[in-house]
Amino acid sequence: MTRTLLMLTAHQLLGQRRAIVIALLALIPIVITLLYRLAGDTEGAYGFTVDMVGGFVFTLLLPIGALVFGTAALGSEVEDGTIVYLLARPIARWRIVVAKAVVASLATMVLTVPATLIMVLIALEGLGSDSLWLAAVVAGIAGSIVYSTLFVGLSTITGRALIIGLVYVFVWEAFITSLFDGTRWISVRQYVFGISDALTSAPEVTASLDGSQALIASAIVVAVSLLVGVRFLKRFEIGEQS
Amino acid sequence: MATEAATNAAIEVRNVSRWYGDVVAVNDISFSVGPGITGLLGPNGAGKSTLLHMISGFLRPSAGAVEVLGEPSWRNTEIFRRVGLVPEREAIYPFLGARDFALASARLHGLADPHEAARRAVALVELEDAQDRAMGGYSKGMRQRAKIAAALVHDPDVLILDEPFNGTDPRQRLQLMEMLRRRAAEGRTILFSSHILEEVERLAENVLVVVNGRLAASGDFRQIRHLMTDRPHTFELRSSDNRALAAALVGLPHVAAIEISDGRMDVRTSDFGAFTAAIGRAVRDSGVTLRELRPADESLESVFSYLVGS
Amino acid sequence: MTTPEPAPSGAIYDLGYQGYEGPRLGRLYALWSLYLLSLRNAFGIGRGALPKVLAFGLVVFAFTPAVVTLIVGAVVPADDFEIFAPRDYYGIIQFILVIFVAAIASDLVGNDRRSRTLALYFSRPIERDDYALAKIAALSSSLLALTVLPQVVMFAGNALGAANGLDWMRDNVDDVPRFVASGLILCVTFGAVGILVASYAERRAFALISVVAIFFVSLTVVGIIISEIDSDQVRWSLFLSPLHVIDGSTAYIFDAIPQVDEFSRNGEPINQVAWADFPGYIWPLASLAWAALASAIVVRRFRGSI
């Protein structure tokens with residue numbers, strides 16, 4: 001039963017052009033890193049790597065991937081009307097929400113984390129990595145889960161989850177959080193930075209939350225998103241075609 | 001509980017209303033549906049889908065109660081162990097074939113042998129030839145049958161179908177109707193909606209007529225049909241001499257009005273049966289040649305508007 | 001539609017249909033109607049509550065710097081305060097502008113496709129090119145409400161708040177043509193690029209995210225390339241990033257491209273547009289080139305589709 005849910009969702013998310021586009025986005029850092037290494041100057045390699053991971057992967061690639069997959073996992077089924085084939089079955093709602101969140105997280109992970117790892121390895125090849133690769137991978141996995149689950153939960157509340165998610169990522173996290181330090185607790189980006197900071201000794205990586213704070217906050221966001229998702233899916237109404 | 005449901009009606013709707021903001025979609029409707037085939041008839045926008053969605057538990061009634069197999073249906077996913085639903089929307093998973101669609105449905109139902117269940121369901125709707133092609137390339141009728149197959153995998157006691165014959169060709173429609181009749185003969189409950197009088201007439205034993213969110217008629221189809229034909233009726237006639245024929249007809253007791261215009265004449269009668277019995281003699285006696293006689297305003301809407309008394 | 005001529009003998013029933021004999025308002029009027037309709041849709045007028053809330057919410061965001069300036073100006077009685085300068089305004093709110101463009105562009109193009117009204121438009125006396133251009137024009141002019149309008153408000157507010165309003169206006173009147181010109185260039189460029197990206201996405205949701213991605217991914221990637229890769233040739237990559245180009249265009253129009261005699265890599269922020277050291281006029285030209293190219297591709301796109 002659960003496997004069928006997972007397979008159906010995976011097919012929906014990965015069998016479309018959007019997966020290819022996200023995969024292409026994930027290749028960008030690799031291409032830039034190759035250019036960087038070909039240019040020959042490795043003095044600032046740590047700074048470069050941190051810029052790429054923190055400035056591109058964590059702030060653009062990861063949230064965009066999670067937005068695409070997280071809001072589509074349930075949202076596109078609601079929009080298309082296929083959600084009825086899941087709801088008209090004797091399946092507990094929480095299974096549906098969890099399955100959707102798991103697949104969205106995995107899809108985001110698969111398309112972002114390996115590319116990031118390759119990029120870090122290329123950038124720091126022969127330089128000693130200070131566990132930067134580990135920080136990038138673990139924080140990337142954590143970020144995939146938190147962002148994707150958050151957006152799955154959001155998509156059960158509103159049909160416009162995508163635009164609201166965009167505002168959250170690009171206005172709240174990118175803009176408001178940089179102005180007001182107190183908002184770091186409600187910024188997934190800061191959790192991702194916090195986790196990566198805790199895993200590497202490289203001084204270029206800094207974060208406003210420490211590792212354990214970030215982990216706790218991440219767990220809370222995931223749990224709340226799932227609870228909200230289940231609650232709203234239970235109350236979800238299918239009316240006349242609108 | 002199962003025995004109780006078997007003796008009682010499978011679907012029980014009591015004083016149910018549903019409104020969206022200021023718009024009343026369903027207005028204080030009560031009925032119960034037992035084994036056999038029941039047709040939910042009404043023009044588009046009458047509230048049929050809203051009613052079916054409430055029965056399936058996807059919409060909360062604004063007032064009243066809906067019970068399926070003895071349990072409230074709102075938010076009750078467990079009813080789907082014994083209920084199958086065919087939604088109206090054409091949505092399908094375009095990347096699956098009908099067999100995999102039915103198989104997924106069987107697995108989601110947690111059936112012991114999903115492959116066998118899917119095979120059987122696809123065979124029921126005679127979609128084996130296309131079962132491995134992706135549904136994205138299906139015609140409307142094929143999608144409709146794939147949806148029905150997915151709703152039949154767990155062999156439900158209650159089957160709810162929202163406009164199931166949309167997009168099907170006449171042969172497929174006959175086949176589907178035959179399949180539904182067989183299931184009904186096994187004592188199962190089937191409730192389907194349609195806006196086409198003829199579909200309901202051919203398939204349903206019981207009928208529920210919904211107009212403007214209200215239940216306009218319910219019960220045995222023939223009985224309702226009879227009630228419908230007892231209303232004032234208008235006939236359209238063409239003859240060699242309309243005025244002479246009009247003079248003869250106006251003497252009949254049940255002829256209420258006659259209007260002559262442009263070579264044709266409209267006759268309104270209060271008694272369908274008596275008029276059709278008397279018209280032959282009246283024509284012969286007046287020596288006029290009758291060229292055309294047909295009932296006017298037989299459209300579904302006019303029948304409905306009569307039923308709701310407007 | 002041909003006019004049904006009542007034939008002397010035959011069986012055409014007069015159902016009351018009539019051919020339209022009156023004056024026809026022509027292609028321009030149709031274009032204007034579609035433009036107005038799209039503009040209304042952009043702000044959710046004639047639609048549900050949510051589109052209105054989203055559109056006007058973003059407008060409010062875009063006005064925030066102007067409003068902050070006015071409030072501070074009213075509280076602090078200094079004559080020469082400047083929290084947000086007109087030349088920086090568009091840069092500060094560029095995140096909001098991009099999201100607005102994404103939301104509106106995906107709506108304007110996606111709704112017609114999803115509800116399959118596109119074919120209906122094309123079967124009317126509206127040319128496909130007109131359709132494409134009307135959509136771009138509607139998006140571009142709706143953007144004025146988030147760009148030039150807050151600047152006007154801020155300018156007027158500052159003038160009213162200054163100790164001597166007339167003096168202040170005399171000193172700063174140069175800003176008006178500048179923020180209008182740079183704002184117009186921004187609106188046209190954003191409008192064309194937004195509609196371009198949205199018109200290639202199959203789903204509205206994907207259009208939304210693609211527009212955001214195009215702007216921000218190019219901004220970030222080009223930013224990283226310039227600051228990290230040690231070669232003068234990478235300066236050409238700036239032209240691939242619309243936000244960089246717009247930034248340069250606005251800076252040039254305000255005559256505010258900083259002089260960069262020396263710049264440091266790695267660590268200290270540098271003004272990349274200044275570092276690239278192209279002649280300043282190239283930036284507005286590049287913006288308009290983006291707009292023209294994007295419009296041309298959109299027009300081609302709609303000639304081909306459906």
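Letters A, B, ... mirror the listed sequences (proteins, then strands); counts begin at 1. This structure is a prediction, so every number in the text was calculated from the model and none was measured.
Both the backbone and the side chain of B:Leu108 come within contact range of chain A, judged by heavy atoms closer than 4.5 Å. Interface residue A:Gln12: backbone and side-chain heavy atoms are both found under 4.5 Å from chain B. The contact between B:Ser105 and chain A is made by backbone and side chain atoms together, counting heavy-atom distances below 4.5 Å. With a 4.5 Å cut-off on non-hydrogen atoms, A:Arg93 touches chain B through its side chain but not through its backbone. Neither the backbone nor the side chain of B:Leu111 comes within contact range of chain A, judged by heavy atoms closer than 4.5 Å. Residue contact with chain A, scored on non-hydrogen atoms closer than 4.5 Å, involves the side chain of B:Arg18 exclusively.
Judged by a 6.0 Å distance limit and a 45° cone about the ring axis, B:Arg99 is not positioned over the six-membered ring of B:Phe101.
For the set A:His11, A:Arg95, A:Lys234, the entry with the most heavy-atom pairs within less than 4.5 Å of chain B is A:His11.
Using a 4.5 Å heavy-atom threshold, the side chains of B:Pro87 and A:Tyr85 count as touching. Side-chain atoms of B:Met142 and B:Arg133, non-hydrogen and from C-beta on, do get closer than 4.5 Å to each other. Contact of the B:Thr38 side chain with the B:Phe31 side chain is not registered, since no non-hydrogen atoms from C-beta on lie closer than 4.5 Å.
Taking both residues in full, the closest heavy atoms of B:Ala63 and B:Trp19 are given as CB-CH2, 4.2 Å, listed atom of the first, atom of the second, then distance.
Using modelled atom types and a 3.5 Å distance limit, the side chains of A:Ser148 and A:Thr108 yield a donor-acceptor pair.
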